[in-house]
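Position 1 is the first residue of the sequence; numbering continues from there. For the numbers below, each heavy atom of this structure counts, side chains included, while hydrogens, waters and symmetry mates do not.
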Amino acid sequence: MKSNKKNLFAAALLGLAAAANAADVITLNWRDGDEVAAALRPQLRDGEKLGALGNQLILDAPPGRSAELRRLIRQLDVKSSSLLVEVTQDGVSRESKSAVQLGGQVQGGGYSISTGKPMTLRPGSQVVIAGGASQSNTRLQASQALRMLDGKTGFIEIGSSRPLPWLMFGADGRPVVGVRYQDAVTGFYARPRLHGQRVTLELAASQQAFNGQNLDSAKLATTVEGAVGEWLTVGGIGRDQSGQETVLIGVSRSNVQLERSIKVRVTPAQ
């Protein structure tokens, strides 16, 4: 009889221990389970376990600690703020050219040298000086906005295509003509995270534009922090290219300047 009582008492103790460490399933209303679990794991003590599946948490802790951790979970399970992420990508291309050329005709001693369009100065000799300059400015601007939730990722992309003909010759020597399309794409990927009135933003942006037969492009990837509603300059690109070419009797100079900048702003979405 005593043996049976001891067995019953031991079974009761095991049942209490199992009940004390029984796992609870907690359903979240707003936040993702992995997101809340990542924030809560540093608060766990030895022997306590926490798992996540979709919008549910699996908590294995003593009753007292389970109630404490549940209060923390309720504080973390709040509705995400709706944000508007705006990105502007500006580009300015400046190109200037200048040239001076001396030409004409000189005769004497049985020889004659002639270049350019002559202008008669005296019998037997003609000289012309020609000069010119040109300047062009091209501005590229792309503005994009994306509405997203705090802590979530988003991506937006727009582009245009143009046909490019190609020519090749087959094994029999006959020409083969076709067309392929080239894309110019502008867009960005972003992930904003609010901290009161400040925001941390992970950003990757790219801009492409047709420039004659060429395709100009610029890319940027960074993480920045600033005040909500503030325009932040997150990057800029500059290029200055100069060249000089001698044309018989004369000289031609060219200068190309390219400037690009990327700005971003995060505001509460209305």
Side-chain angles (χ1 to χ4, degrees), residues 31-32 34-35 38 80-97 135-168 178-243 254-270:
R31 295 286 182 168
D32 182 74
D34 290 329
E35 184 181 5
S80 299
S81 300
S82 184
L83 303 173
L84 184 67
V85 179
E86 302 170 86
V87 176
T88 64
Q89 303 186 57
D90 292 332
V92 178
S93 176
R94 302 183 181 90
E95 182 177 1
S96 59
K97 295 181 179 179
Q135 183 173 350
S136 63
N137 294 326
T138 304
R139 185 177 184 88
L140 303 173
Q141 187 175 37
S143 298
Q144 296 172 305
L146 185 63
R147 183 170 178 167
M148 54 200 309
L149 295 177
D150 174 29
K152 303 300 182 181
T153 58
F155 177 76
I156 185 173
E157 182 180 86
I158 59 173
S160 59
S161 299
R162 68 175 180 182
L164 292 178
W166 55 265
L167 171 67
M168 63 180 296
V179 175
R180 68 178 179 88
Y181 285 84
Q182 185 180 41
D183 298 328
V185 178
T186 296
F188 70 88
Y189 154 90
R191 183 187 181 190
R193 288 174 291 175
L194 282 179
H195 313 283
Q197 292 302 310
R198 299 190 66 81
V199 62
T200 300
L201 181 68
E202 299 175 18
L203 178 71
S206 65
Q207 182 185 36
Q208 294 180 329
F210 295 122
N211 182 9
Q213 294 297 318
N214 300 320
L215 181 65
D216 293 336
S217 63
K219 296 182 179 180
L220 174 143
T222 186
T223 300
V224 294
E225 181 179 351
V228 174
E230 175 187 4
W231 279 106
L232 302 173
T233 300
V234 296
I237 300 173
R239 185 179 68 188
D240 193 336
Q241 180 178 351
S242 300
S254 64
N255 183 65
V256 178
Q257 293 179 323
L258 178 63
E259 300 175 1
R260 290 189 177 181
S261 65
I262 300 176
K263 297 181 179 180
V264 62
R265 179 174 68 174
V266 180
T267 56
Q270 303 297 326

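Closest approach of Pro163 and Val179 over heavy atoms only: CB-CG1, 3.6 Å. Listed here is the closest heavy atom pair of Arg180 and Trp166: N-CD1, 3.8 Å. Closest of all the heavy-atom pairs between Leu83 and Pro268 is CD2-CA, 4.3 Å. Closest approach of Leu201 to Ala190, counting heavy atoms only: CD1-CB, 4.0 Å.
None of Glu35, Arg31, Lys152 except one satisfies the side-chain hydrogen bond (donor to acceptor under 3.5 Å, both in side chains) rule with Ser80; the exception is Arg31.
Here the NZ atom belonging to Lys263 is positioned 11.5 Å from the CD atom belonging to Glu230, to the nearest 0.5 angstrom. The NZ atom of Lys219 lies 12.0 Å from the CD1 atom of Ile262; values are rounded to the nearest 0.5 Å.
Proximity of Thr200 to Arg198: side-chain heavy atoms (C-beta onward) are nowhere separated by under 4.5 Å. Residues Phe188 and Val264 fail the side-chain proximity criterion, which asks for heavy atoms closer than 4.5 Å.
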Counting only pairs under 3.5 Å, give me each side-chain donor-acceptor contact of residues 143-151, with atom names and distances, residues two or more places apart or in other chains.
from   : atom 1 : to     : atom 2 : distance (Å)
Gln144 : NE2    : Thr186 : O      : 3.1
Arg147 : NE     : Ser82  : OG     : 3.1
Arg147 : NH1    : Gln270 : O      : 3.3
Asp150 : OD1    : Leu194 : N      : 2.9

